[in-house]
Structure formats: C-alpha cells, structure tokens
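Below: one structure, written as structure tokens.
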Amino acid sequence: MKQRVSTLLREKFGREVVLEKPKDRSFGHFATPIAFSIAKELKKSPMAISEELASSFNDNDVFSRVESVKGYLNFRLSENFLSDYAAWALTNPQEFGKQEKHEKILLEFVSANPTGPLHIGHSRGAVYGDTLLKLGRHLGYDITAEYYVNDAGNQIDLLGLSIQLEGRTTLLGEAVEYPESYYRGEYLAGLVSGAVEKFGKEILSDESRQKELALWAKDKVMDIIVKDLGDLNIFFNTFVYESSLYDDWERVLAKMGEGVYEKEGKIWIASEMHGDEKDRVVVREDGRPTYLAGDIVYHNQKFERGYEHYINIWGADHHGYISRVKAAVEFLGYESKKLEVLLSQMVSLLKDGEPYKMSKRAGNVILMSDIVEEIGSDALRYIFASKKCDTALEFDLAEFKKQDSSNPIFYIQYAHARIKTILSKSNFSQEEILNASLKGLDENADSLLFDALLLPEIIEDAFASRQVQKLPDYLKSLASSLHKFYYDCRIIGSDDEAKLLKLFMVVALSLKIGLSLLGIEAKEQMSKAED
RNA sequence: GCGCUCGUAGCUCAGCUGGAUAGAGCAUUGGUUUGCGGUACCAAAGGUCACAGGUUCGACUCCUGUCGGGCGCACCA
C-alpha cells in the first residue's frame, strides 16, 4: 500500500517523498511534509505549496481526498483501492504480504557451544534470528539458517573432564578435587550414564580417554540443543563444525597474503589496518591456531559458498570481535560490508518482581527449557521478538502467565479467536461473506480495514530495519483496534453483517500471518477461564 | 584508561530515513452497553525525552562535551 502511494508520488513530484503516518487518523491514511523541504528552493511558504499540490490531485482513483493542513499534505485512500486490495488478500491469503526478493542470504545464529544445554541468554538470539528468518523468507529471500558448532579447543577438553568428575563423584563415589573451571548441571548425569553404557565405567577414570569421551559427548549435547530449539519452533538448515575447518587452514592462510605476517615465532593478522585496535595472533608459538583462525576459515568458507549477504547474530559480549573478523574478510579478498553482525544483549529475568533464581540443578544458569516449560514457547518467542535486541532487557515471567489483556500474547490470540467465534455464529456462509462489498464502511470500520492491510509494509520494514519488534507491536495494536471495534459495534444481526464479517476476516488474516511469522500458531478459540 | 552501547511516565518498553499536541502496556484511581465471549472497553493522573551546547524552518531523533548504567579490551572459546 505504502509502496504504491510512494511510487505514485515519486512519479508525480519527480523526487523521493517522505511518507509518514498522520498524527491522527482523521487526517487521512498517509501524510507527507514535502512542502517544508521544497519551500526553500521554491521561495514560497510551505502552506502555499501544499495548498497548490493538494489541488493538483483532483482526478485520481487511488485517493479519495488529498488536503493540505498546516503545510502537511494528507492523503486518504479511496474505497475502491482499499476494498479491492482487501478482496485480493482474502482470495490469495498465501500471497498476502509476500514479495519477490531473491537475494541469497546466509544467516548464522545461536551457535552456542556444545558443552551444555541452552540458557536464557541464548534463547534471545535464537528467537531474534529465527524471526528474522521467517520474515525474510516470507519476503522471498533465499535464506540459509546455519549453526556454527564450536567443537574444538579447551572447552571440549573441559567437557570430557566435567563428565569424568561427575561420574567419579556420583557413580563411583570418589571424593574428587574440583578444578577452577568445569561444567556443572543436571545434563551431565545423563551423559555419564550414556557414556558408561557405551564405553564402560573405565572411561570415567582414564584421563587419556578424556578427548574420546568429549567427542562423543558433544554430539549428545548437540542433540539436546537441537531438541530444545525444536520446541521453540526453530530449525536449522546447516551445521558447520569448527573441528572440520582446520584442515583448510594452510590454504586460507596463504590466501590472506600480505594480511598476515610472522613475528616472535607467531603468525599475526594485520587487522589494525582495517580498523581493529591492534593486530591479533592467529597461530601460537607452538603452532596451534587460535580461535580466530577457526573463524577466519569459517568465514572464508562462507564467502566461497557464494551468498549475496551474510548475517551473524552474536551475543553482545562478542562485539569487540567484529572488527577482526571483518579485517580477515577483507584480506581474503571479499567485501566486508556484505557481512552484517547483529548483537543480542543481555537478559535478566524476574518472577513476581524478584530476580529469578538460578537453580543449582541446572548448574547456576537459567535453562531455556525450564522457561519454556513454565510459560510456553509462544510467550517466550513473543517476549524476545517484541523488544529491540540491542538493548538490555528485563522481564517478569508472571506477566506472561496471566490470562487477560495484560498479557500481550493472550490479548492478540483472543482477538483472533473472537473473530473465529463470531464467524461461526453467523448465518452467512463463507461465500456470501466473501462476496459482500467492503464499500460504504463508516469511519471506524474504514480505519480498522486500513490497519489490517498494513501488515505487508510492517513485515518489509521489520526485516529491512532488522527491527523485528515492529511486528508484535503492530499485532498488538491491531488486536486493540479489533477489540475496540467489537465493543462499539454490534455485528450479528446488523444490516451490514456480511460486510463487517468480511472486514473481520481481513483482520484475522493479518493476525494469523503475523503470528505465524513470530513462530506462533493463531488459536481458533480460547480455553474458558476456570471458575 | 580506551572502544562499543544505552539513558524517554513509578515500572517494562515504543517512537520509522529529523516533522503536526512525545506514545503503549503494567501499576494507581474512577467508570461502561438491559446485546455477538466483561478473558473486553473508556477515562483520569503521570514527562525539563540524563545534563549542557551546536547544526536548522523544525531535534527524542544528527554532531560535540559532561554525568550515569551495561558490555568488551587474551596467544579463552
């Protein structure tokens, strides 16, 4: 809709036109302050210009009214335009809000270490990434969802050690001395029993078999992670294992040419040249590559696979890492601007106003699966999708367990369910409703229809700006418009019953598509409250 | 110390590439249809947009500085 108006105006005025939402719907559907920006070059007052422009729109079937108010130009879309568009959407629900973007994008997210189950911090990046994925795909982008598995280095050795420690205390009853760092949590018990079954008890006490144990265990941990993500309706296309990358290291190192050099027996990358604070070591004195080396090979591999755009979603604590990876990409001969790194910030949880307690059982972290169990996947997804991901977030679980309007996810679902209920109560058939005309709606109905038809541009805007929260915001306000309309206006038995039901179907369609893009299924009916 | 980032109502947060009177939800207070699900709706109250400058027709938005919070500053991943 917006696009249509915007191209129309661009053609008419011969320049880009800023389109915005009028302060008040009674002003119209769209507005532009264009008169202000050209006032200077025309040496006329904004008022005079907008008056002139407004009167030039006499004959036009998209707008029913164009007027000038205090220098702003306000547009009201015509009935024909809105009702045709709505009718098209209802008969082509699969196409509504879709576009024909074809860019190939590689989206890497979550990428949590395979050393334990996901915790609450991971789930934010996971939901954010997956929502972006769903939005992008809806718009037609060809997006591959990828998980980078850090299955090399110290952490994997630590995993093996941790399983042994757990087994020796709980299974063998030994009094072991715990080192400074090791992993803890309930999942280790499962790994111990699995390991004993597979390898026998001996493996718990044999330090030389730690590696073997760890390599087996990380796959088991990945199984847990994949399952937890599946519970959130998140699925990946590809997994890339860090351990598989190092074979390619020599070739990639050579590919960077002048970008790397030797000093003090180590190999460095000259990342300072590309904006990093200083150069970084990529190969240690003993010949072992650093973690950065793995990431360099990985990004080289990404670019060799040939996508048009790359998006990484990282935890905010990695922000210092961006410049060195980008530097490496440049040295490899690729455009680092094709690589976009989005950061997801910290999350703190409250429950009834008090900090949420981390359980010892979980290993002093808040497990994602515990939260999903407590409030459900829909609520968790909604929470993370509804906030900008680059600010620290604090939220209270209690709010999302309530079954009333203070719970946004409930509120939206209820709007959808209301429509479905009323449709089933009406005596009009689906066909009769679809054949009804949407013309002659009063101000409120017209406004609701317009709101419902905004979905496509919300989707596009949310994806393009990477501001995923625009979609839940929109759904909440659409639900609010619906509830308000419903309260004010009797539907069943009114002269306009079929017409209004058709309007409601458009609203339901937008709610349903919007929710599905958040990974949430729209409900046909709400369960009745107890008592 | 350096870098990144944030600072909007009592609380949690929106505010699009600068544009009309800075918006929601929660919490508080007061109300609502002899009717489709009251699991809803309406209203009141609540603000020096951290502070100080600058840019301009116009700044919550852009720039500079100050203060305050978070994160990062490994040859760990």
When you compare [N] with [M], how far apart are their [atom1] atoms, in angstrom units rounded to a whole number?
| N | M | atom1 | answer |
| --- | --- | --- | --- |
| B:rA52 | B:rC42 | C1' | 42 Å |
| B:rG72 | B:rG65 | C1' | 23 Å |
| B:rG54 | B:rC11 | P | 31 Å |
| B:rG69 | B:rC63 | P | 23 Å |
| B:rU56 | B:rA74 | P | 43 Å |
| B:rG31 | B:rC49 | P | 34 Å |
| B:rA24 | B:rG18 | C1' | 23 Å |
| B:rU55 | B:rU61 | P | 15 Å |

Review item, nucleotides 68-73 of chain B N/O atoms under 3.5 Å of protein N/O:
| residue | atom | partner | partner atom | Å |
| --- | --- | --- | --- | --- |
| B:rC71 | O2 | A:His319 | NE2 | 3.0 |

Salt-bridge test for A:Glu443 and A:Arg76: reply yes if a basic N is under 4.0 Å from a carboxylate O, no otherwise. yes

How many Å lie between [atom1] on [X] and [atom2] on [N], as a whole number?
| X | N | atom1 | atom2 | value |
| --- | --- | --- | --- | --- |
| A:Leu448 | B:rC41 | CG | P | 13 Å |
| A:Arg10 | B:rU17 | CZ | P | 18 Å |
| A:Leu292 | B:rA77 | CG | C1' | 11 Å |
| A:Leu342 | B:rU5 | CG | C1' | 14 Å |
| A:Glu272 | B:rG3 | CD | P | 14 Å |
| A:Asp488 | B:rA40 | CG | P | 16 Å |
| A:Ile492 | B:rC36 | CD1 | C1' | 5 Å |
| A:Tyr474 | B:rC16 | OH | C1' | 16 Å |

When you compare the side chains of [X] and [Y], does any donor N or O come within less than 3.5 Å of an acceptor on the partner?
| X | Y | answer |
| --- | --- | --- |
| A:Thr32 | A:Glu20 | no |
| A:His274 | A:Arg324 | no |
| A:Ser336 | A:Glu330 | yes |
| A:Glu67 | A:Asn74 | no |
| A:Lys302 | A:Asn312 | yes |

Where protein sits on nucleotides 20-32 of chain B, one letter per nucleotide: B base, S sugar-phosphate only, - none, heavy atoms under 4.0 Å: B--S--S-----B

The side chain to side chain donor-acceptor pair (under 3.5 Å) partners of A:Tyr246 (sequence neighbours excluded) come to A:Glu242

Only counting residues at least two apart or in another chain, list the ones meeting side chain to side chain donor-acceptor pair (under 3.5 Å) with A:Ser111. A:Glu108

With [X], which residues qualify under ring-ring contact (aromatic ring centres under 6.0 Å, His included), at least two apart?
| X | result |
| --- | --- |
| A:Trp216 | A:Phe199 |
| A:Tyr298 | A:Tyr148 |
| A:Phe75 | A:Phe57, A:Phe63 |
| A:His119 | A:His122 |

Can you tell me how far the OH atom of A:Tyr356 sits from the CD1 atom of A:Ile120, to the nearest 0.5 Å? 8.5 Å

Phosphate OP1/OP2 of B:rG15 contacted by A:Gln469 side-chain N/O (<4.0 Å): yes

Please determine whether a side-chain nitrogen or oxygen atom of A:Lys387 lies at a distance below 4.0 Å from atom OP1 or OP2 of B:rU12. no

Heavy atoms only, 4.0 Å cut-off, all strands: where does A:Phe395 land among base, sugar-phosphate and nothing? nothing

Classify A:Arg418 by what it touches in the nucleic acid, base, sugar-phosphate, or nothing, heavy-atom distance under 4.0 Å. sugar-phosphate

Of the nucleotides [options], which has the atom closest to the [X] side chain?
| X | options | answer |
| --- | --- | --- |
| A:Tyr486 | B:rC36, B:rA77, B:rG38 | B:rC36 |
| A:Lys388 | B:rA14, B:rA40, B:rC42 | B:rA14 |
| A:Lys484 | B:rC42, B:rA77, B:rC16 | B:rC42 |
| A:His483 | B:rA40, B:rA77, B:rC16 | B:rA40 |

Assign each of A:Gln467 and A:Cys489 the nucleotide of RNA chain B bearing its closest heavy atom; nearer the 5' end lies the nucleotide of A:Gln467

Could I get a table of every N or O pair under 3.5 Å where one atom is in the protein and the other is in nucleotides 55-59 of chain B?
| residue | atom | partner | partner atom | Å |
| --- | --- | --- | --- | --- |
| B:rC57 | OP1 | A:Lys40 | NZ | 2.2 |

Within the 6.0 Å centroid threshold, strictly below: A:Tyr382 and A:Phe395: no

side-chain contact (heavy atoms from CB on, under 4.5 Å) partners of A:Thr290, counting only residues at least two apart: A:Val281, A:Val282, A:Arg284, A:Leu292, A:Ala293

Dot-bracket notation for RNA chain B is requested: 5' to 3', Watson-Crick or G-U wobble pairs only, both distances under 3.5 Å, with ( ), [ ], | and . as defined. (((((((..((((.....[...)))).(((((.......))))).....(((((..]....))))))))))))....

List, one per line, each side-chain donor-acceptor pair under 3.5 Å for residues 448-462 of chain A, sequence neighbours excluded.
| residue | atom | partner | partner atom | Å |
| --- | --- | --- | --- | --- |
| A:Asp451 | OD1 | A:Arg25 | NH1 | 3.2 |
| A:Asp451 | OD1 | A:Arg25 | NH2 | 2.9 |
| A:Asp451 | OD2 | A:Ser481 | OG | 3.4 |
| A:Glu457 | OE1 | A:Lys2 | N | 3.2 |
| A:Glu460 | OE1 | A:Gln99 | NE2 | 3.0 |
| A:Glu460 | OE2 | A:Lys101 | NZ | 3.4 |
| A:Asp461 | OD2 | A:Lys470 | NZ | 3.0 |

